[in-house]
Amino acid sequence: MNIRAYQYILFGQLALGLSILVCLLLIPHYFFSLDQGGISNYGTEDRTRPLFILGFGAASFATFIGSLRLSKKVSKTNRFQIMLVLLSLLYLTLMFSTFSYKDSSDSMQLHERAALGLILAMAAGAVMIRVKGAIDTRIKVAFYVFSIGFAIGLLTLFELVRLLFTFQIICGASFGYMLVRAVHRE
């Protein structure tokens, strides 16, 4: 196990998950609405903005530091390390673009692209982790949960359902688990 990288990745994912959970407890209507808003709305609300910044900022910082702490053996091909750096940058871009995305169309486009980039990076990372951890039953289950969330995301994209928040939570939590588990196994 790569203790240092694992600790950073675990911290980042826990900070992100807990900050979103507290935001959900403070302002639950984004989840319970029939026309769900996304997690980014917590970055625009005065009561939850600090938690949003803390969660995404910690995830970005810890993921980046975790990528630097990977052993030479793990990062031999650098694909996993590159994925972590990309995730770190996307967390940060999404966080910063959230503050102004309701103010201008340019900010909205940047925010939407960052969100799309993040989910696509998570999907690619989930596949990479699943292939690498083929015999790990927990990774398999988390991958299937991620796939269900991703399918809900596609249905939301095509406006067949409006479950943006649900899709983001399912994909974020299952991917976070897979990521932590993959680094722990190394």
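Residue numbers count from 1 along this sequence. Just so you know, these numbers use all the heavy atoms, side chains as well, and skip hydrogens, waters and symmetry mates.
With T156 contributing its side chain and L163 its backbone, the two residues share a donor-acceptor pair below 3.5 Å. A distance-only check finds a donor-acceptor pair linking the side chain of Q36 to the backbone of F165 [under 3.5 Å]. Between the side chain of Y42 and the backbone N or O of I27 there is at least one donor-acceptor pair closer than 3.5 Å. Remark: the backbone N or O of L94 is paired with a side-chain donor or acceptor of S97 at under 3.5 angstrom. Side chain of S33 to backbone of Y30: no donor-acceptor contact under 3.5 angstrom is found. Looking at S104, its side chain does come within 3.5 Å of a backbone N or O of S107 through a donor-acceptor pair.
Contact detail for S19 and G55: the closest heavy-atom pair is OG-CA, 3.2 Å. Here the shortest heavy-atom pairing between C171 and G149 reads SG-C, 3.4 Å. Scanning both residues, S67 and V85, for their nearest heavy atoms gives OG-CG2, 3.4 Å. Between M178 and A142, the shortest heavy-atom contact is CG-CB, 3.3 Å. For the residue pair I53 and M95, the shortest heavy atom distance occurs at O-SD, 3.6 Å. The nearest pair of heavy atoms linking T98 to S40 is CG2-O, 3.1 Å.
Apart from L54 itself, the hydrophobic cluster it occupies contains nothing, where clustering links Ile, Leu, Val, Met, Phe, Trp and Tyr at side-chain heavy-atom distances under 4.5 Å. Its side chain outside the 4.5 Å cluster rule for every partner, F11 clusters with none of the Ile, Leu, Val, Met, Phe, Trp and Tyr residues.
At a threshold of 4.5 Å between side-chain heavy atoms, the hydrophobic network of Ile, Leu, Val, Met, Phe, Trp and Tyr places I170 and L21 in two separate groups. Both M122 and Y144 are assigned to one and the same hydrophobic cluster, defined by single-linkage of ILVMFWY side chains at heavy-atom distances under 4.5 Å. One hydrophobic cluster holds both I152 and V127 under the rule that ILVMFWY side chains link at heavy-atom gaps under 4.5 Å. Follow the hydrophobic side-chain contacts under 4.5 Å out from I20 and you reach V145 in the same cluster. Transitive grouping of hydrophobic side chains (ILVMFWY, heavy atoms separated by less than 4.5 Å) brings V22 and L16 into a common cluster.
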**OP:** Show the numbers, then the answer: is there a side chain to side chain contact (heavy atoms under 4.5 Å, CB included) between E112 and L116?
**Re:** CA-CA 6 Å; E112 288 174 350; L116 179 62; over 6 Å; no
Original post:
Stepwise, does the side chain to side chain contact (heavy atoms under 4.5 Å, CB included) test hold for Y177 with R138?
Top reply: CA-CA 9 Å; Y177 179 80; R138 292 179 185 178; 3.1 Å; yes
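Contact annotation: the side chain of F150 approaches that of I119 to within less than 4.5 Å [non-hydrogen atoms, C-beta and beyond]. Side-chain contact between L92 and F61: absent, with no pair of heavy atoms (C-beta onward) separated by less than 4.5 Å. Looking at heavy atoms from C-beta onward, I169 lies in side-chain contact with I39 at the 4.5 angstrom threshold. For the pair V161/T166, no side-chain contact is recorded, criterion being any heavy-atom separation below 4.5 Å from C-beta on.
Of the residues listed (V183, I65, L70, L14), the one engaging I9 in a side-chain contact (heavy atoms from CB on, under 4.5 Å) is V183, and it is the only one. Test D106, T44, N41 against Y101 for side chain to side chain donor-acceptor pair (under 3.5 Å) and you get one pass: N41. Between Y91 and the choices F64, F56, F96, the side-chain contact (heavy atoms from CB on, under 4.5 Å) rule is met once, by F56.
L68 CG to Q81 CD: the interatomic distance, rounded to the nearest 0.5 Å, is 6.5 Å. How far CG of D136 is from CZ of R130: 9.0 Å, rounded to the nearest 0.5 Å. Interatomic distance, NE2 of H29 versus CG of L24, reported as 10.5 Å (0.5 Å rounding). The line from CG of L179 to CG of L10 is 10.0 Å long, rounded to the nearest 0.5 Å. Expressed to the nearest 0.5 Å, how far CD of Q13 lies from CG of L87 amounts to 8.0 Å. In this structure, L155 CG and L164 CG are separated by 12.5 Å, a value rounded to the nearest 0.5 Å.
Between F146 and F175, the ring-plane angle classifies as tilted under the 30° and 60° cut-offs.
More than 12 heavy-atom neighbours from other residues, nucleotides or ligands sit within 6.0 angstrom of CZ on F99.
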